[in-house]
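What follows is a short report on a single structure.
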Protein chains: 2
Amino acid sequence: MDKAYKTIIVDDHPIVISGISGLLSDLESVEIVGKLQSGVKLVEYIEENEVDLILMDIFLPVINGVDLCKTIKQKYPQIVIIGMSSQSERSLVMQFIQNGGNGYILKSASFEEFKRCINKAIEGEIVFSDEVKAIISQPQSEDLERIPSLSRREKDIVMLLSKGKSTQEIADELFLSFLTVQTHRRNILQKYKTKNVAELMAFLLKNNLLNA
Amino acid sequence: MDKAYKTIIVDDHPIVISGISGLLSDLESVEIVGKLQSGVKLVEYIEENEVDLILMDIFLPVINGVDLCKTIKQKYPQIVIIGMSSQSERSLVMQFIQNGGNGYILKSASFEEFKRCINKAIEGEIVFSDEVKAIISQPQSEDLERIPSLSRREKDIVMLLSKGKSTQEIADELFLSFLTVQTHRRNILQKYKTKNVAELMAFLLKNNLLNA
DNA sequence: ACATTTTTACCTGATATCAGGTAATACAAA
DNA sequence: TTTGTATTACCTGATATCAGGTAAAAATGT
């Protein structure tokens, strides 16, 4: 047997970490070297230690899981990263994979599924738990349907919109022209093909693109 | 010592269940008699078995945790029910307690906190994990700040709003007058003291009042 | 150094929303 | 039976949004 994969679990919930580590202790091929509760700590850790496999929650405080994955993969492309979350939004999973993720598991997956996915992932495959598979294989259309991300300024504006601010109020608050804010609004709506801010908000919140 | 509390864990994520049950195995006062993945199964179980303590996730598929708690407490007021969730929204916690919940724990709580809360709860206290405490004690004003709920019709309209429909489109779809929908809109905005639908959507989604 | 994206800004006109009223009917609870 | 809430509906006027266009700095990345 090859040496065991040095594995890190990242989740902001201690119980989840404990659950996963219990499960992983059955697997000979992995060795848990770290249990972390934030993306920041993860980045710090891998700068100083050797890591082969990361199991991480997508919804982490402060840093978004997708961005975190991207950052790590840029510096350490050899590390296998598997994402996890409670609900699976097709678009989110796609984003994660497009940013270098090696797999995606729903937390509602069974122990067997978890083990299967982890084993396959360290063999180099891109893996999904059953429910995730079902979801991402729904529209087999050609559209890769990559979710565009918001620019910094756009995020500012979306934040204020979610607080009920009007175009004028946003302009005042950000020291911009009314017309500029109007342009941003239009661009944002267009980006997500939404008809108005109501739909936009619903979309962003469902895809967790707001608090990131 | 009294006999151990017959305890059920309800969560749709097997790993979370495993994490919690690992933690509870340290406590002599509780005995895990069931690990369930849905509210429906929970209701079935307690109809046929004796249960003293329930630890349950608030975000469960199909049935909302608050309603579930209410239902159970109506028939079995002696059962101690502790709610759990990932994020804590003040309003949600209050709702849970108002519906008979005996405590609320954030999943980000430490093991020690978990244990402390469970022990206190079976002694009859209403318990909150530290983070929850911090959140619910913020505005110490007299307002019980009960979140008003949407009526059936209002829910219909809010659903359509979240899909980007305009007042006219909603009126057509629900066979109502444009003016009626306008009135509903105004009432809904007023109910939550929101300035426009954007803020409304953000509020509803953050408080999980939309898909419930 | 060049290409791309982001951020800034302007114009116009058609629609839509929001805030202020009022009020009748219906249905459930007290 | 009365009270209250929900649902329906109308009116007006001020403001805001949305959709169509264009375009020039400024920043970012390669």
Side-chain angles (χ1 to χ4, degrees), chain A residues 66-67 70-71 73-75 77 95 98-100 144 146-204 209 212, chain B residues 70 74 98-99 144 146-204 209 212:
Chain A
V66 175
D67 295 336
K70 191 178 175 184
T71 311
K73 277 287 181 174
Q74 267 164 1
K75 281 190 96 171
Q95 254 190 297
Q98 266 157 11
N99 281 292
L144 256 212
R146 62 175 303 109
I147 283 205
S149 53
L150 291 167
S151 70
R152 211 165 313 133
R153 211 36 157 182
E154 286 169 344
K155 273 182 194 168
D156 293 344
I157 287 167
V158 160
M159 267 307 299
L160 293 171
L161 282 174
S162 78
K163 287 178 181 159
K165 309 275 183 174
S166 71
T167 303
Q168 187 59 61
E169 287 171 326
I170 294 172
D172 294 345
E173 209 150 317
L174 299 178
F175 303 105
L176 291 175
S177 156
F178 174 88
L179 298 152
T180 302
V181 178
Q182 208 167 287
T183 304
H184 281 303
R185 288 182 70 131
R186 192 176 49 223
N187 290 338
I188 297 168
L189 288 184
Q190 223 160 37
K191 234 175 202 178
Y192 299 111
K193 296 189 187 94
T194 46
K195 287 197 266 303
N196 50 44
V197 272
E199 193 184 5
L200 176 73
M201 283 300 133
F203 179 86
L204 292 178
L209 291 164
Chain B
K70 190 178 176 187
Q74 267 163 0
Q98 265 156 12
N99 281 292
L144 255 212
R146 63 176 304 107
I147 283 204
S149 53
L150 291 166
S151 70
R152 213 166 310 133
R153 214 31 157 188
E154 287 170 344
K155 273 181 193 167
D156 293 343
I157 287 166
V158 159
M159 267 307 299
L160 294 171
L161 282 174
S162 78
K163 288 178 181 159
K165 309 275 182 174
S166 71
T167 304
Q168 187 58 63
E169 287 172 325
I170 294 171
D172 293 346
E173 211 151 318
L174 299 178
F175 304 105
L176 291 174
S177 156
F178 173 88
L179 298 152
T180 302
V181 178
Q182 210 167 289
T183 304
H184 280 304
R185 286 182 71 131
R186 192 179 49 227
N187 291 337
I188 297 168
L189 289 184
Q190 223 159 38
K191 229 173 205 178
Y192 298 112
K193 296 186 187 100
T194 46
K195 286 196 265 305
N196 51 42
V197 271
E199 192 184 5
L200 176 73
M201 284 298 133
F203 178 86
L204 291 178
L209 290 165

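Each chain gets a letter, A, B and so on, in the order its sequence line appears, and its residues count up from 1.
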Heavy-atom side-chain proximity of A:L174 to A:T180 below 4.5 angstrom | no
Look at A:K70 together with A:D67 and state whether they make a salt bridge at an N to O cut-off of under 4.0 Å.
-> no
Of the residues in residues 193-201 of chain B, which ones touch DNA chain C at a heavy-atom distance under 4.0 Å?
-> B:K195, B:N196, B:V197
Among residues two or more places apart or on two chains, list those pairs meeting salt bridge (charged side-chain N to carboxylate O under 4.0 Å, His left out) that have a residue in residues 172-189 of chain B.
-> B:K165-B:E173
Kindly calculate the angle separating the two end axes of the helix from C:dA1-D:dT30 to C:dA30-D:dT1, each obtained from five base pairs, and round it to 10 degrees.
-> 80°
Got a sec? Which of residues 161-181 of chain B come in under 4.0 Å of DNA chain C, heavy atoms?
-> B:S166, B:T167
Describe the nucleic acid contact of B:R185 in one word from base, sugar-phosphate, nothing, applying a heavy-atom distance below 4.0 Å.
-> sugar-phosphate
Between which nucleotides of DNA chain C, read 5' to 3', does contact with chain A run, using atoms under 4.0 Å from its heavy atoms?
-> C:dT6 to C:dT12
B:R153 CZ - D:dA9 P separation (whole Å) | 9 Å
Can you tell me if the side-chain N/O atoms of B:H184 get under 4.0 Å from OP1 or OP2 in D:dT7?
-> no
Tell me, do B:N196 and A:V197 make a side-chain contact under 4.5 Å, heavy atoms counted?
-> no
Contacts under 3.5 Å, N or O only, protein and nucleotides 27-30 of chain D:
none

In sequence, state the C-alpha distance, the side-chain angles, and the governing distance for A:R153 and A:L176, and then conclude on side-chain contact (heavy atoms from CB on, under 4.5 Å).
-> CA-CA 11 Å; A:R153 211 36 157 182; A:L176 291 175; 3.7 Å; yes
